[in-house]
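Below: the structure, in structure tokens.
Ligands are counted one by one from 1 in listed order, and the atoms in each one are counted from 1 as well.
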Amino acid sequence: MISKGQIWKYYDGSVTISDWMGNDLTVVNAARVSFGKSSSELAEKDEKLINYLAVNHHLSPFRHIQVSLILAGIPEIVMRQLYKHQVGVAYTSGEFREVATCWNEISGRYVEFEPDFFQPRSFRKQHDKNKQGSYRDKAVDNEAEAIAIYRESVASSFDNYKKLLDLGVCKEQARMVLPLSFKTSVIWTASLEALVHFVKLRDHESAQVEIQDLAKIVHDIIKEIAPVSTKALLERKS
Ligand SMILES: Cc1cc2nc3c(=O)[nH]c(=O)nc-3n(C[C@H](O)[C@H](O)[C@H](O)COP(=O)(O)OP(=O)(O)OC[C@H]3O[C@@H](n4cnc5c(N)ncnc54)[C@H](O)[C@@H]3O)c2cc1C
């Protein structure tokens, strides 16, 4: 069983469960409210109901499960892809209201950054067929040279950042010279439906390896919180 504060390692960063609300029973009871009924334990008929809801696109009950994650040490290149997942919170009854998945991020306008850059585990080869993709387990032939170029490049970006600050340039502009490997931290709160959608799209071989690895962690977390609902949503045809 998972607990609040539990940490998953993500490269040299981490994903921590800050908090969550709801489980499979929450989905069942949100659906049964229409009949003025509720369950206190998950029975087989409840599992069938969850599958029925997922298959038939009655998705609002799944939005009552909310999960709040602290993502620390995530490279900007992954965050840019994560920010694309925007639809996350909605309400079952009443007027249709929707707010974006919610984010809070450390601000480089307030805080002077430390030299904290993402170091890839390996420098992968460009995929022959998928123009966006790479081979998870195939490194370039001269990887030592690639590592040296990368390290020199991020170090010189950070030196230039410090030089701009020393000249009195404001933090909000000096940070513009930092590369996409720069690491950031955010709190991400999203509904189960939004998280499963994210996992479906990003724990997929067509996605960038570094976001696949984040999606695998999110999948591990949500299947602990709501195993029946997570499976039902993942398996449904959209
Ligand atoms: C492998 C891969 C490659 C990608 N490559 C690129 C790329 O090259 N360039 C790029 O810009 N993006 C790229 N993306 C991002 C992609 O286009 C989506 O923005 C991202 O996956 C988020 O998905 P989404 O829009 O379904 O999510 P959300 O914005 O969270 O939306 C969730 C769902 O809500 C519904 N929805 C959202 N907005 C509306 C609306 N306005 N009207 C009606 N329904 C709506 C849709 O059903 C949608 O699937 C890529 C994504 C993947 C997985």
Side-chain angles (χ1 to χ4, degrees), residues 10-11 15 17-18 20-22 27 30-31 50-71 74-105 118 120-138 179-182 184 186-223 225-226 229-238:
Y10 173 77
Y11 294 81
V15 177
I17 304 183
S18 171
W20 79 88
M21 184 177 84
V27 175
I50 290 173
N51 281 304
Y52 174 87
L53 294 169
V55 168
N56 291 287
H57 298 251
H58 296 304
L59 299 178
S60 56
F62 297 97
R63 298 174 193 148
H64 291 285
I65 299 178
Q66 295 282 322
V67 182
S68 197
L69 302 173
I70 301 168
L71 310 182
I74 310 291
E76 271 300 333
I77 190 67
V78 170
M79 288 311 306
R80 282 166 59 94
Q81 296 176 12
L82 207 45
Y83 286 137
K84 298 271 186 166
H85 295 263
Q86 295 189 347
V87 178
V89 182
Y91 301 90
T92 293
S93 58
E95 68 176 310
F96 182 64
R97 289 173 63 201
E98 198 166 69
V99 274
T101 305
C102 122
W103 299 95
N104 280 101
E105 185 176 14
F118 183 79
R121 280 194 191 133
S122 71
F123 281 96
R124 302 182 297 273
K125 274 193 169 157
Q126 174 62 41
H127 201 285
D128 290 331
K129 295 199 177 74
N130 179 349
K131 288 190 178 153
Q132 284 189 319
S134 63
Y135 296 99
R136 181 180 270 274
D137 297 317
K138 268 194 208 165
L180 290 172
S181 56
F182 188 72
T184 189
V186 299
I187 295 178
W188 179 26
T189 302
S191 75
L192 184 74
E193 186 193 346
L195 292 170
V196 169
H197 184 62
F198 167 73
V199 169
K200 261 188 183 171
L201 291 175
R202 302 295 183 169
D203 184 8
H204 189 275
E205 60 180 15
S206 60
Q208 176 157 353
V209 169
E210 284 82 7
I211 201 165
Q212 283 182 38
D213 292 339
L214 183 62
K216 287 181 200 308
I217 294 174
V218 172
H219 187 193
D220 284 348
I221 292 172
I222 58 179
K223 76 183 178 202
I225 291 174
S229 307
T230 298
K231 187 164 182 287
L233 287 175
L234 275 173
E235 287 176 1
R236 88 189 178 91
K237 302 263 181 292
S238 46

Return the option from [options] holding the heavy atom at the smallest distance from [atom].
atom: atom 5 (N) of ligand 1; options: His85, Glu193, Gln132, Lys200; result: Gln132
atom: atom 38 (N) of ligand 1; options: Leu82, Leu201, Val87; result: Val87
atom: atom 18 (C) of ligand 1; options: Lys84, Arg80, Gln212, Gln86; result: Lys84

Query raised in the report: Which atoms of ligand 1 are found less than 4.0 Å from any heavy atom of His197?
Result: 23 (O), 24 (P), 26 (O), 27 (O), 32 (C), 49 (O)
Query raised in the report: Which of the atoms in ligand 1, numbered in the order shown and given with their element, are less than 4.0 Å from a heavy-atom of Ser206?
Result: 1 (C)
With a sphere of 6.0 Å drawn around [atom1] of [X], does it hold more than 12 non-hydrogen atoms of other residues, nucleotides or ligands?
X: Tyr52; atom1: OH; value: no
X: Lys223; atom1: NZ; value: yes
X: Arg136; atom1: CZ; value: yes

Requested in this report: Apply side chain to side chain contact (heavy atoms under 4.5 Å, CB included) to Leu71 and Leu82, showing your working.
Outcome: CA-CA 11 Å; Leu71 310 182; Leu82 207 45; 3.5 Å; yes
**Report entry** Mutual orientation of the aromatic rings belonging to His85 and His197 [parallel < 30°, tilted 30-60°, perpendicular > 60°]
**Finding:** perpendicular
Query raised in the report: With sequence neighbours excluded, what pairs up with Lys216 under the salt bridge (charged side-chain N to carboxylate O under 4.0 Å, His left out) test?
Result: Asp203
Query raised in the report: Going by heavy atoms, is His204 under 4.0 Å from ligand 1?
Result: no
Query raised in the report: How does Gln81 reach ligand 1, if at all, at less than 4.0 Å between non-hydrogen atoms: by side chain, backbone, both, or neither?
Result: neither
